[in-house]
Amino acid sequence: RAAPDLDLDRMLAGAARRPDLRALDAEARAGDADVDLADALAWPKLGVGARYQHEEPGVNAFLGTLSVTLPFFDRAQGLRAEGRARTERARIERALLAKSADAEVRTAFDVYRSRNDAVAALEDGGVTDFAENVALGQKGFEAGELPLTELLLLGRELDDGRVAYLDQLLARAIAGFDLELASGEVVR
């Protein structure tokens with residue numbers, strides 16, 4: 001029944017480290033790596049080799065090779081453009097998600113606070129003293145001061161109050177979990 005101590009500033013700071021934001025950061029870095037790879041592929045490649053060749057009896061040849069590729073037609077422009085587009089998309093998406101995460105955390109905190117206030121109001125109103133109220137009603141019935149129908153009605157109203165209280169406890173727990181989830185810091 002105890003409400004966890006959830007601090008808005010800590011939750012907002014945690015929202016900047018959410019896993020979905022970190023995944024977009026990793027996507028941007030992967031796009032940058034594709035651009036770096038494309039830049040490396042655009043340069044000529046040098047190759048050195050050697051081979052042995054036996055053509056006729058008594059004629060053996062060692063051949064050395066030197067190769068230079070000239071990337072006239074394929075300078076990895078496609079890979080470079082794809083990497084830049086991927087990086088830019090990830091950065092834009094991250095910026096939008098970071099803004100919405102802040103609003104999401106603030107909204108979830110407001111919902112949690114209102115649910116916590118509702119539970120506190122029910123507790124302050126004495127709705128948790130169910131057994132004591134039923135015992136008082138039972139004593140009144142035994143003393144002849146309370147008819148059976150009113151005792152049954154009191155029991156029903158107390159059960160309805162207990163259900164409402166439990167519903168509010170559940171709503172507060174769900175709101176607390178939603179807040180922790182929105183901030184990326186699930187405590188439990």
Side-chain angles (χ1 to χ4, degrees), residues 1-34 83-188:
R1 290 186 182 171
D5 183 29
L6 300 177
D7 181 37
L8 179 61
D9 293 332
R10 189 191 69 192
M11 295 295 174
L12 288 172
R17 297 183 305 270
R18 284 176 27 166
D20 50 355
L21 293 174
R22 289 192 315 232
L24 289 171
D25 289 338
E27 258 187 76
R29 286 191 305 272
D32 288 337
D34 284 346
R84 286 181 181 152
R86 187 173 171 189
T87 300
E88 188 63 23
R89 183 202 54 82
R91 287 184 179 146
I92 289 171
E93 192 173 332
R94 189 203 188 285
L96 292 173
L97 187 59
K99 286 180 184 177
S100 69
D102 184 68
E104 187 179 343
V105 169
R106 289 180 188 280
T107 302
F109 186 78
D110 290 342
V111 169
Y112 174 76
R113 189 173 44 200
S114 69
R115 297 294 185 192
N116 197 32
D117 291 345
V119 169
L122 285 172
E123 289 173 347
D124 290 344
V127 78
T128 56
D129 302 327
F130 299 113
E132 183 180 315
N133 290 335
V134 171
L136 286 174
Q138 184 69 31
K139 287 181 183 178
F141 174 73
E142 290 171 0
E145 297 174 0
L146 190 67
L148 178 62
T149 56
E150 288 189 29
L151 177 65
L152 293 175
L153 185 61
L154 174 66
R156 181 174 180 208
E157 288 175 357
L158 290 174
D159 286 342
D160 289 345
R162 186 178 298 147
V163 167
Y165 177 65
L166 292 175
D167 284 344
Q168 287 301 320
L169 284 176
L170 177 63
R172 179 180 69 184
I174 291 171
F177 180 76
D178 288 344
L179 174 59
E180 291 173 348
L181 188 63
S183 70
E185 293 188 10
V186 178
V187 176
R188 293 177 210 97

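In this chain, residues are counted from 1 in sequence order.
For the atom pair Arg172 CZ and Leu179 CG, the distance stands at 13.0 Å (nearest 0.5 Å). Atoms CD and CD, from Glu157 and Glu150 in turn, are 9.5 Å apart once rounded to the nearest 0.5 Å. Put simply, OH on Tyr112 and CG on Asp117 are 10.0 Å apart, with the number rounded to the nearest 0.5 Å. With values rounded to the nearest 0.5 angstrom, Asp9 atom CG is found 8.5 Å from Phe109 atom CZ. Interatomic distance, CZ of Arg115 versus CG of Asp167, reported as 10.0 Å (0.5 Å rounding). Note: Asp34 CG to Thr87 OG1 = 7.5 Å, rounded to the nearest 0.5 Å.
Judged purely by atom type and a 3.5 angstrom limit, Ser183 has no side-chain atom pairing as donor or acceptor with the backbone of Val105. A distance-only check finds a donor-acceptor pair linking the side chain of Ser114 to the backbone of Val111 [under 3.5 Å].
The two residues Ala30 and Arg86 have their closest heavy-atom pair at CB-NH2, 3.6 Å. The nearest pair of heavy atoms linking Pro147 to Phe141 is C-CD1, 4.0 Å. The shortest non-hydrogen separation linking Ala182 to Arg18 is O-NH1, 2.8 Å. Contact record, Asp102 with Leu12: OD1-CD2, 3.1 Å, taken as the closest heavy-atom pair. Of all heavy-atom pairs spanning Arg94 and Asp25, the tightest one is NE-OD1, 2.6 Å. Between Val119 and Gln168, the closest heavy-atom pair is CG2-O, 3.4 Å.
Counting heavy atoms from C-beta outward, Ile92 and Glu88 have side chains that approach closer than 4.5 Å. For the pair Leu24 and Asp20, the minimum side-chain heavy-atom distance is 4.5 Å or more.
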Show your working on side chain to side chain contact (heavy atoms under 4.5 Å, CB included) between Met11 and Glu180 and close with a plain yes or no. CA-CA 7 Å; Met11 295 295 174; Glu180 291 173 348; 4.1 Å; yes
Go through the steps for Leu152 and Thr149 under the test side chain to side chain contact (heavy atoms under 4.5 Å, CB included), then give the verdict. CA-CA 5 Å; Leu152 293 175; Thr149 56; 5.8 Å; no
Please assess Arg113 against Leu8 for the test side chain to side chain contact (heavy atoms under 4.5 Å, CB included), listing each intermediate value before the final yes or no. CA-CA 10 Å; Arg113 189 173 44 200; Leu8 179 61; over 6 Å; no
Chi angles and distances behind the salt bridge (Lys or Arg N to Asp or Glu O under 4.0 Å) call for Arg156, Asp159: CA-CA 5 Å; Arg156 181 174 180 208; Asp159 286 342; over 6 Å; no
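Contact check on Arg106 versus Asp110 returns no salt bridge, with no Lys/Arg side-chain nitrogen under 4.0 Å from an Asp/Glu carboxylate oxygen.
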